[in-house]
Structure formats: structure tokens, C-alpha cells
Amino acid sequence: MIDFKKEIAEILQMQISEFGIEEIYSMIEIPPNSDMGDFAFPCFKLAKVFRKAPNQIAKDIVDSIGAKELFEKITIAGAYINFIINKEIFARTVIEEVIKKGDMFGSSEIGGGKTVIVEFSSTNIAKPFHIGHIRSTAIGSALNNIYKFIGYNTVAINHLGDYGTQFGKQIVAIKAWGDKSIIESNPIPELLKLYIKFHEEAEKDPKLEDEAREWFKKLEENDKEATELWQWIKDVSLMEFNRVYDMLGIKFDSYAGESFYSDKMPGVLEEMREKELLVKSQGAEIVDLEPHGMPTALITKKDGSTLYITRDIAAAIYRKNHYDFYKNIYVVGSQQNLHFKQWMKIIELMGYEWGKDCIHIPFGMISLEEGTMSTRKGRVVFLEDVLKKAVEKTKEIISNKNPNLEDKEKVAKEVGIGAIVFQELSNNRIKDYVFSWDRTLNFDGESGPYVQYTHARASSLIRKAGLDYLDNINFKLLSEKEAMELIRILNKFPDVVIDSARKYEPSVVTRYVIDLAQAFNKFYHDHPILVDDVELQRARLALVHTVKQTIKNGLKLIGVAAPERM
Ligand code: ARG
């Protein structure tokens with residue numbers, strides 16, 4: 001692929017030997033409006049060295065460069081040198097690259113095979129998988145795909161919330177009021193009912209709290225009955241979670257959750273004591289973080305049991321030893337900002353210089369119109385219900401608009417679920433938002449279905465044409481303004497992917513596929529594809545092909561399918 005910017009830097013370097021090629025390269029700009037040129041070079045900085053007015057410098061440089069094959073024109077506008085690239089060469093370079101790379105177009109090798117851990121979803125077992133979980137799940141999975149695509153070896157971890165005193169309560173409740181077969185028929189809602197009942201009963205009879213502590217202690221000591229019950233809670237919960245992950249097409253490399261670290265905790269605590277970080281406080285152990293401007297962190301309780309933060313410290317150390325990560329990324333809501341700052345500080349205080357490679361990627365909260373979600377109050381929207389409703393609604397739309405569509409069920413799933421995921425990844429992740437059924441099930445405008453429909457339209461054009469178009473393309477025929485705009489956007493895709501990885505922001509890719517779909521629809525509106533002139537038709541089909549491929553690649557990164565027909 002020709003790197004036009006690099007070529008320009010080389011051409012300019014020959015004229016400006018006082019500046020290094022890197023510096024020249026970094027000064028080259030892309031004008032906001034392509035009418036002004038494809039690339040521009042401002043000459044202001046050269047004035048000091050050349051002791052001439054910038055306008056004059058621009059003129060002198062352009063005169064001595066002369067004509068260049070890669071550029072249609074090199075002009076001046078004030079102190080700027082504008083480069084207008086040779087459209088035919090540009091079209092050929094971009095289109096041939098997309099065709100050659102296919103599903104890998106946009107990928108790169110900048111990761112060099114280094115290991116990046118992406119921890120996401122990390123749901124709590126025996127609790128609902130609710131709409132709030134879509135955030136970590138969709139953002140994390142997209143980041144995992146994106147990092148893999150740019151050459152990192154990624155490890156997707158679901159750090160399940162499967163440990164802690166609440167499981168003592170859950171065990172007491174199951175033993176007292178539970179019926180296994182009822183729970184198995186509808187695990188999470190039934191476990192939730194029992195959990196709520198526990199809290200109601202414990203208000204009347206505080207002894208229950210002691211019993212719960214007792215059962216959690218037994219669990220920590222590997223008591224057979226406690227472990228079996230806990231394992232069963234975990235199994236039935238995972239059955240439900242996996243149904244949702246399957247719907248979303250998400251896979252994890254590891255489900256090592258909080259319980260996984262229970263036997264690794266004593267060693268870590270010992271290490272912290274040796275490093276003199278732990279301070280006794282009323283029978284508990286704490287790390288004093290006041291000098292670092294943070295509240296004190298409680299590491300072990302009076303009865304010796306560990307906490308959420310203790311398990312995160314153990315997990316980070318384990319991951320470094322086990323995976324030797326380059327980056328260890330946590331996609332977790334911004335309510336936990338302090339928690340992450342605290343334990344990352346502790347890792348640093350333990351003397352681990354790799355602490356800086358642990359990165360918390362926060363996102364804003366989802367609330368309901370009735371207020372924040374509360375599982376105890378039963379104020380919760382199940383993610384599975386949202387996905388199912390989206391699929392139902394899509395089925396209705398298909399029955400009205402395209403009743404003879406093949407594979408209706410499959411397409412309805414791809415479009416319905418795709419719409420939800422796409423919407424989730426459309427906005428900057430840090431924004432809070434209020435969940436609304438109406439907005440969630442509104443597929444108009446800049447939505448996933450719009451982009452998917454553009455992909456299906458491109459597929460249909462290619463099918464209808466039934467022509468070979470991949471060789472001997474006359475790229476001169478793609479010089480219209482709308483075609484060039486489209487090619488410019490296609491050319492940006494590899495950089496867009498890298499940019500989204502650097503910012504940990506999948507919405508950069510989502511916005512990109514919207515822009516691409518819009519540019520394509522504009523082109524298609526102004527320039528029919530299936531024209532009589534076969535040479536022209538073939539050139540336009542090649543462009544359609546590259547748009548279809550790039551939309552597909554972009555959607556795949558954010559976890560959205562690209563149906564051929566819809
Ligand atoms: N299970 C936790 C929750 O639902 C999130 C876990 C986040 N990850 C972590 N390593 N602390 O709030």
C-alpha cells in the first residue's frame with residue numbers, strides 16, 4: 001500500500017534539508033475539506049531557518065519540486081503547500097489492498113504478539129445478568145477483538161464474582177427454604193427470591209447471620225457439603241450466563257473468578273506482612289493509604305476472612321506470573337474507580353513495577369427510569385429479556401417488509417441482537433445513561449440495522465450483477481467526488497482500529513462504520529452501479545466489494561454480524 005504521507009515527507013525532505021524526515025512527516029496535515037487538497041504542509045515554521053516569508057518559501061518549494069507521478073497537482077494557498085493525489089493511483093492502491101487482505105483488512109502487527117489481558121463482564125453468580133452488565137460485556141469483548149486484530153495475543157477473562165460472605169447466606173437460605181428442582185427450572189430468579197427472603201428473615205432472627213458466617217467459613221475450609229452447594233449454585237448460574245454469552249457470540253479464555261484465588265491468598269498476605277504493608281487494627285488487617293490521599297484499605301477481617309480487594313491483589317500477581325502480560329486491562333464501571341486506585345497503589349507499594357501495566361477502563365452507569373437498579377428490591381431489567389425482545393421486534397419487521405426472506409430466524413437474531421450491541425457501543429463509554437425500552441428498541445437512524453442493511457444492499461448488488469470484477473479494473477473511472485470520498489474513508493480503516501485501541505474506545509469503530517455506510521449510500525444514490533457500460537459497472541462493483549468487506553470487518557470487531565440478506 002502506498003503511504004502518501006510518507007512519500008510527501010520524502011519529497012519535501014529533498015527541499016528542506018534543515019529539517020529531519022520525522023519532523024516533516026509530523027507537520028503534514030490532512031485538510032478538513034478535501035477540496036483544499038488531500039494533504040497540506042504549512043511553511044510557517046520554516047521562516048526562521050530560510051529567513052523568508054512563509055508564502056515565498058511555499059512558492060519556492062513547489063517550483064523546485066516540479067511534477068510528480070503520485071500527485072495530480074501540487075499547489076500553494078498562502079503559506080500552505082497542498083498536495084492533490086493522483087486519483088487513479090489512490091483508488092488502485094486502496095481497493096487492491098482491501099481485496100488482497102479480505103477479512104484481515106484493517107489488521108496490523110503493531111502488537112508484536114505481546115500478551116494483553118482483557119477482563120470483562122465479571123458477573124456475580126446467583127445474581128441477575130441485567131442490562132447494566134451489557135456495558136462491561138460489550139465494551140470488553142470489542143476491546144478484546146480489537147487488540148487481537150492489531151497483533152496482540154489476547155486473553156479474555158471473566159473474573160466471576162463467586163466468593164464472599166453472601167454465599168454463606170445463600171447456603172442457609174437454600175437449606176431452609178429452597179427446593180432444588182424449582183431452582184433448577186429458573187435458577188437466578190429463584191436464588192434471588194431466596195436471597196431476599198434471607199434478609200427479611202434475618203431482620204427478625206439475627207441468629208441467621210451467624211449461621212451464614214459459619215457456612216462461609218465452612219466453605220473457606222473446603223467443607224464437603226458447603227462446597228457442593230456452592231458449586232451447584234455456580235453451575236446453575238453459569239448455565240444462565242452462558243445462554244446470554246452465546247446469544248452475544250462471546251467467548252472467554254478463562255473463567256477464573258474470585259474463588260480461584262482462595263488458596264493463593266495466604267501466600268499474598270504473608271508477602272504483604274513481610275513487606276510491612278499490613279497494619280493490625282482491632283483484629284483486622286489494613287493498608288494505610290492516607291499518605292497517598294486515599295481511604296485505608298481493609299485487607300482481612302477480624303475473623304481472618306479476605307475481601308474483594310484482597311482477591312484483586314492476588315489475581316493481579318497471579319496473572320503477571322502466569323501470563324506475563326504486557327497490559328492487564330479491567331473493563332469495570334466507574335463506581336469502582338476508588339477500589340482500582342487503591343489496589344493498584346498497593347501493588348505499587350509491594351514493589352511491583354508492572355503495576356503501571358494494570359489499567360482500569362471505566363464506563364458510566366445505566367439506571368432505570370424508576371431509579372438505580374436494585375436486585376434486592378426487584379428493580380431490574382434482565383439482559384436476556386432485552387435481547388429476546390429485540391429479536392421479536394426484528395421478526396415482526398421482517399414479516400412485514402421481507403416475508404420471503406430465507407433464514408428469517410437467523411437474520412432476526414443477528415439484526416435484533418446486533419442492534420442492541422451496536423447502540424451500546426455507539427457512544428463514548430464514559431457517559432451515564434437511563435435505560436428506556438423505547439429507545440433501545442428504536443432501530444431508526446444511525447443504528448446497527450442501518451449499517452447491516454447497507455452491507456446487505458452491497459451484497460445484493462454484487463449478486464445481481466453476477467459479473468467478475470476483481471481483475472483488470474479501470475480505476476480511472478472512480479474519480480468522482482463521492483467515489484473519492486468513499487475511498488478516503490476506506491483508506492482510514494487501519495488507523496481507526498489502532499486509534500480505538502489506544503483510546504480503549506470501541507465507539508471509534510462504531511462511528512466509523514456509520515460514516516462509511518453513509519458515504520456509500522451517498523455514492524450509490526448519485527451513481528448507479530448496475531449500468532450498461534460494463535467497464536464502468538465493474539469498477540463500481542470493485543468499490544462496492546471493498547465497502548462491503550470493510551463494513552463486515554468493522555462490525556465483526558464490535559461483535560455485530562453482517563448478514564448477506566435482510
Ligand atoms: N463482580 C464485580 C461486580 O459485579 C465486578 C468485578 C470486576 N473485576 C475485578 N477484577 N474487580 O461488581
Side-chain angles (χ1 to χ4, degrees), residues 116-141 143-144 155-167 170 188 191-192 195 230 233-234 237-238 240-241 244-245 250 252-262 264-265 268 294 297-299 306-323 325 327-347 352 354-355 357-367 372-376 380-383 429 432 504:
V116 168
I117 293 178
V118 186
E119 188 213 286
F120 62 98
S121 206
S122 303
T123 33
N124 297 329
I125 65 167
K127 294 269 178 66
F129 197 155
H130 58 69
I131 182 67
H133 290 115
I134 193 169
R135 306 225 67 184
S136 171
T137 308
I139 296 168
S141 173
L143 288 178
N144 189 64
V155 185
I157 299 185
N158 192 336
H159 184 78
L160 290 174
D162 58 0
Y163 217 59
T165 38
Q166 70 271 32
F167 294 100
Q170 200 82 61
I188 306 277
L191 288 171
L192 188 59
Y195 192 64
W230 168 83
I233 298 172
K234 188 165 167 172
S237 303
L238 273 178
E240 280 212 37
F241 296 168
V244 179
Y245 292 134
I250 288 179
F252 293 95
D253 299 304
S254 160
Y255 283 88
E258 294 186 42
S259 69
F260 178 78
Y261 300 98
S262 56
K264 298 169 184 62
M265 230 82 79
V268 172
M294 282 181 259
L298 181 62
I299 303 295
T306 58
L307 293 102
Y308 180 51
I309 192 168
T310 329
R311 297 188 274 277
D312 260 323
I313 296 167
I317 295 173
Y318 172 84
R319 288 181 193 175
K320 184 63 195 178
N321 292 337
H322 190 74
Y323 297 106
F325 57 73
K327 291 273 184 291
N328 178 23
I329 298 172
Y330 295 81
V331 185
V332 181
S334 55
Q335 307 100 293
Q336 297 196 26
N337 281 356
L338 177 62
H339 165 78
F340 278 91
K341 268 170 81 181
Q342 283 180 310
W343 76 249
M344 287 177 184
K345 187 52 145 189
I346 293 174
I347 290 284
Y352 289 123
W354 50 261
D357 305 323
C358 296
I359 300 162
H360 176 209
I361 303 302
F363 51 81
M365 214 166 69
I366 302 186
S367 52
T372 49
M373 241 170 301
S374 161
T375 39
R376 270 204 219 162
V380 54
V381 173
F382 285 82
L383 178 53
R429 63 180 153 73
D432 288 342
Y504 304 102

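Start at 1 with the first residue, then count along the sequence. Scope of the values below: all heavy atoms of this structure, side chains included, with no hydrogens, waters or symmetry mates. Order of appearance sets the numbers: ligands from 1, and atoms from 1 within every ligand.
- Residues that satisfy the side chain to side chain contact (heavy atoms under 4.5 Å, CB included) test with Phe260, not counting sequence neighbours, are Ala256, Lys264, Tyr318.
- At least one donor-acceptor pair closer than 3.5 Å links the side chain of Ser262 to the backbone N or O of Ser259.
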- Determine, stepwise, if the pair Ile317 / Trp354 fulfils side chain to side chain contact (heavy atoms under 4.5 Å, CB included). CA-CA 10 Å; Ile317 295 173; Trp354 50 261; 4.1 Å; yes
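- Partners of Met365 according to the side chain to side chain contact (heavy atoms under 4.5 Å, CB included) rule, which considers only residues two or more places apart in sequence or in another chain, are Gln335, Thr372, Asp432.
- Partner Phe120 forms a side chain to side chain contact (heavy atoms under 4.5 Å, CB included) with one of Val332, Ile250, Ile329, Ile361 and no other, that one being Ile250.
- Applying the side chain to side chain contact (heavy atoms under 4.5 Å, CB included) test to Gln166 and every residue at least two apart in sequence or in another chain returns Tyr195.
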Any protein N/O atoms within less than 3.5 Å of an N/O atom in ligand 1? List the atom names and distances, or say none.
from     : atom 1 : to     : atom 2 : distance (Å)
ligand 1 : 1 (N)  : Ser122 : O      : 2.9
ligand 1 : 1 (N)  : Asn124 : OD1    : 2.7
ligand 1 : 4 (O)  : Asn124 : OD1    : 3.4
ligand 1 : 4 (O)  : Asn124 : ND2    : 3.1
ligand 1 : 8 (N)  : Glu119 : OE2    : 2.8
ligand 1 : 10 (N) : Glu119 : OE1    : 2.9
ligand 1 : 10 (N) : Glu119 : OE2    : 3.4
ligand 1 : 10 (N) : Asp312 : OD1    : 2.7
ligand 1 : 11 (N) : Tyr308 : OH     : 2.7
ligand 1 : 11 (N) : Asp312 : OD1    : 3.4
ligand 1 : 11 (N) : Asp312 : OD2    : 2.7
ligand 1 : 12 (O) : Gln336 : NE2    : 3.0

